[in-house]
Amino acid sequence: MIRHEAHGLVYYTFPSLEGEGIAHAVLTRKGGKSQPPYGGLNVGHRVGDNPQVVEANHRLILEHLGLKPQNLVTAHQVHGSAVAIIGHKHGGSIIPATDGLVTAQSGILLMLRFADCVPIFLYDPRHHTLALGHAGWRGIAAGLARSMVQAMSREMGSDPREIIAALGPAAGACCYTVGEEVIDSIKSSVPHWEKAVDRRNGAFYLDMWHSISLQLGGSGVSSIEISSICTAMNTEEFFSHRGEKGRTGRFACLAWLRE
Ligand SMILES: [Zn+2]
């Protein structure tokens, strides 16, 4: 990924998503107003941080990226597989119980919040459509990535072979230990799941990036860029639920279609 610094904020972008049709940013925790353990650019409303400071952090991001709050659409993320089709009528709203947002309309800002789960960006340059998703092991077990591709195909006519996918910073297989019941829960939804599971020193490690890549591959998507920045090992720049034992904030991922 490419690292950017501007106005005190630090954010990353994917080379494969650089182009004329789409803009996106993976924000870090650098530059916000929150105090520890949420320091600094926390955008999570439900983690115990001061709500006014969280709102100020949102404004900071939008101002620095030159974006309007009335175009912002976020979701109440629940680790499920529900996908919502977003249009201008949703501007400024929070979609209930949804982990995947899809739009074909320029200027709508999709935003989700992360601290170890995998940010999923999907872009179809031919149909000019975009999806943003949030999946940890529950979202992997629920098949969110597949639901996102299906929504783009069904609602917008996308051919999965033309979709460009990018998977953002998340807890890597280096750090993401899980119980055997987690492995059991993903077996039926990840093709060749064994490729995404490692067993070291008697513990199971789940590679969430690889799991989602296998799901996307099974849905016909072959262009997949993986960030490989492990949030749990980079708590200087990213919030990590694992790396900070649950007392932490959420960083923002944003994407929108240009005019
Ligand atoms: Zn790691």
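Counting starts at 1 for both ligands and their atoms, in listed order.
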Stepwise side chain to side chain donor-acceptor pair (under 3.5 Å) check, Ser16 with Glu225 | CA-CA 7 Å; Ser16 61; Glu225 180 177 357; 2.5 Å; yes

Flag for [Y]-[X]: side-chain donor and acceptor within less than 3.5 Å:
X	Y	result
Thr13	Glu18	yes
Ser34	Asn57	yes
Asp116	His241	no

Before accepting this row, confirm whether a basic side-chain N of the pair Glu55/Lys33 lies closer than 4.0 Å to the acidic partner's carboxylate O.
-> no

Do NZ/NE/NH1/NH2 and the carboxylate oxygens of Glu5 and Lys30 come within less than 4.0 Å?
-> no

Anything protein N/O/S under 2.8 Å from the Zn ion (ligand 1)? Just list residue and atom, please.
-> Cys174 SG, Cys175 SG, Cys230 SG

